[in-house]
Amino acid sequence: MRSTTQLDDAAARTTAPPPPVRVARKHHLLVRVSHWLNILLLTGLIVSGISIYWASPVYQHKPDLKTGNFDYVGDAGIWICAHVPGLHHYPSPPDWIYNHISLGPYMLAPAMSVHWCCAYLFMLNGLVYLAGLLLGGEWRNLLPRVSDVRGSLKMARYYFGAPFAILVRRRRRIPPRFNTKYDPLQRAAYFSIPIAGLLSVLTGWAIHKPMQLSWLAALFGGFGRARVWHFWLMCTFVLFVIPHVILVFADGWDTLRSMISGWSTRLRYGISTNEP
């Protein structure tokens with residue numbers, strides 16, 4: 001039989017209160033405000049930018065003999081209307097994508113107004129974000145390090161392996177841990193996105209004022225090349241946002257809450273939370 005002392009110890013362990021949660025500050029107020037504003041501004045820039053693209057596509061081909069279309073985006077709309085049930089009688093198949101993910105075709109003037117309104121606010125919001133990084137000291141967490149190449153490969157292997165493990169119902173790998181706020185792959189992404197934002201602003205000005213800012217347009221290879229740069233920078237934002245949102249929801253409520261309140265309750269001593 002167990003002694004009275006052993007029973008008392010067992011009872012104390014079962015009734016002991018859970019360890020206190022350590023709350024840690026994660027994001028400065030200005031970083032949080034600029035983060036949420038960027039969602040609205042980027043959405044406005046992208047939907048208006050696609051309407052501007054409709055007026056003069058960056059990538060064109062010879063007019064199709066059957067449809068007369070010369071735009072690859074229009075080709076995609078034609079294919080969708082031809083193969084998706086219920087869309088066979090769509091009035092203007094080349095405009096299907098523009099009607100669903102932009103302000104619409106034949107909207108060049110309103111699209112330009114919306115685009116530049118969002119662009120000015122985007123530039124101002126970028127300065128707010130930089131101020132938040134400096135005041136909160138978060139800029140140190142974004143600087144690349146020599147060991148990031150190897151660490152990025154480890155995290156990429158983990159991220160690409162996770163969906164496969166779910167599909168085959170196999171136990172997921174334990175994510176690599178790092179003694180930093182962000183893992184190397186996150187740090188590379190968060191360091192690159194502000195640079196992409198700066199380049200999108202510069203290419204935008206080169207397109208808007210190609211004569212007055214001819215030196216800026218020349219840096220990107222001329223007006224036509226600046227448009228290509230601007231287009232692919234938009235694609236970079238889209239390719240960043242989609243996995244970013246998926247990983248935030250996959251990581252849990254604490255990650256989203258920290259970008260709202262600025263505080264996290266999941267800080268481990270000396271271990272990164274691998275926040276998306």
Side-chain angles (χ1 to χ4, degrees), residues 22-32 34-35 38 42 122-123 125-165 171-203 219-221 225 228-230 232-252 254-259 262-276:
R22 183 184 177 190
V23 179
R25 184 174 180 176
K26 296 295 287 292
H27 303 292
H28 191 275
L29 174 62
L30 295 181
V31 171
R32 286 178 278 135
S34 59
H35 173 273
N38 264 339
L42 283 174
F122 181 73
M123 288 183 275
N125 198 47
L127 296 177
V128 173
Y129 173 73
L130 290 176
L133 288 181
L134 294 174
L135 293 174
E138 294 182 57
W139 62 273
R140 299 183 185 89
N141 298 309
L142 302 180
L143 295 179
R145 305 174 187 186
V146 176
S147 59
D148 281 357
V149 175
R150 184 176 180 182
S152 296
L153 293 175
K154 289 182 179 180
M155 289 307 303
R157 181 183 178 187
Y158 167 75
Y159 285 136
F160 282 115
F164 177 77
R171 188 175 181 180
R172 293 173 60 182
R173 293 173 175 266
I174 299 175
R177 294 293 179 181
F178 301 91
N179 296 324
T180 54
K181 181 177 180 179
Y182 301 118
D183 68 54
L185 197 60
Q186 292 166 345
R187 189 158 48 245
Y190 297 153
F191 180 78
S192 301
I193 286 301
I195 296 177
L198 175 61
L199 290 174
S200 67
V201 169
L202 294 177
T203 53
L219 286 177
F220 294 102
R225 292 284 181 86
V228 173
W229 275 91
H230 202 67
W232 284 107
L233 286 165
M234 178 204 70
C235 294
T236 299
F237 287 122
V238 174
L239 293 175
F240 168 80
V241 167
I242 293 175
H244 177 67
V245 172
I246 293 173
L247 291 174
V248 164
F249 282 102
D251 197 55
D254 188 75
T255 296
L256 183 61
R257 177 177 53 194
S258 67
M259 188 51 77
W263 299 87
S264 173
T265 60
R266 203 181 53 177
L267 183 70
R268 299 181 178 92
Y269 289 84
I271 300 179
S272 167
T273 57
N274 284 356
E275 176 188 281

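Only this structure's heavy atoms are used, side chains among them; waters, hydrogens and symmetry mates stay out.
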* To do: Measure across W229 and T203 and return the closest heavy-atom pair with its distance rounded to 0.1 Å.
  => CB-CG2, 3.7 Å
* Structure fact -> Rounded to the nearest 0.5 Å, the CZ atom of F240 sits from the OG1 atom of T236 at a distance of 11.0 Å
* Structure fact -> Minimal heavy-atom distance between L133 and V31, with the atoms involved, is N-CG2, 3.7 Å
* Asked: What is the distance from atom CZ of F122 to atom CG of L127, rounded to the nearest 0.5 Å?
  -> 10.5 Å
* For the pair D148 (side chain) and R145 (backbone), establish whether a donor and an acceptor sit closer than 3.5 Å, ignoring hydrogens and angles. => yes
* To do: Hey, could you give me the CD1/OG distance between I195 and S200, rounded to the nearest 0.5 Å?
  => 12.0 Å
* Asked: At their closest point, which heavy atom of R32 faces which heavy atom of H27, and how far apart are they?
  -> NE-O, 3.1 Å
* Asked: Quick one: CG on L42 to CE on M234, what's the gap to the nearest 0.5 Å?
  -> 11.0 Å
* Asked: Side chains of L30 and Y129: closer than 4.5 Å at any heavy-atom pair?
  -> no
* To do: Ignoring hydrogens and angles, tell me if any N or O in the side chain of E138 forms a donor-acceptor pair with the backbone of G132 under 3.5 Å.
  => no
* Enter the distance from L202:CG to H230:NE2 here, rounded to the nearest 0.5 Å. => 10.5 Å
* Asked: F220 versus L199: any side-chain heavy-atom pair under 4.5 Å?
  -> yes
* In Å, rounded to the nearest 0.5 Å, how long is the span from CG of L134 to NE2 of H28? -> 10.0 Å
* Structure fact -> Scanning both residues in full, the closest heavy-atom pair of R187 with N141 reads CD-O, 3.0 Å
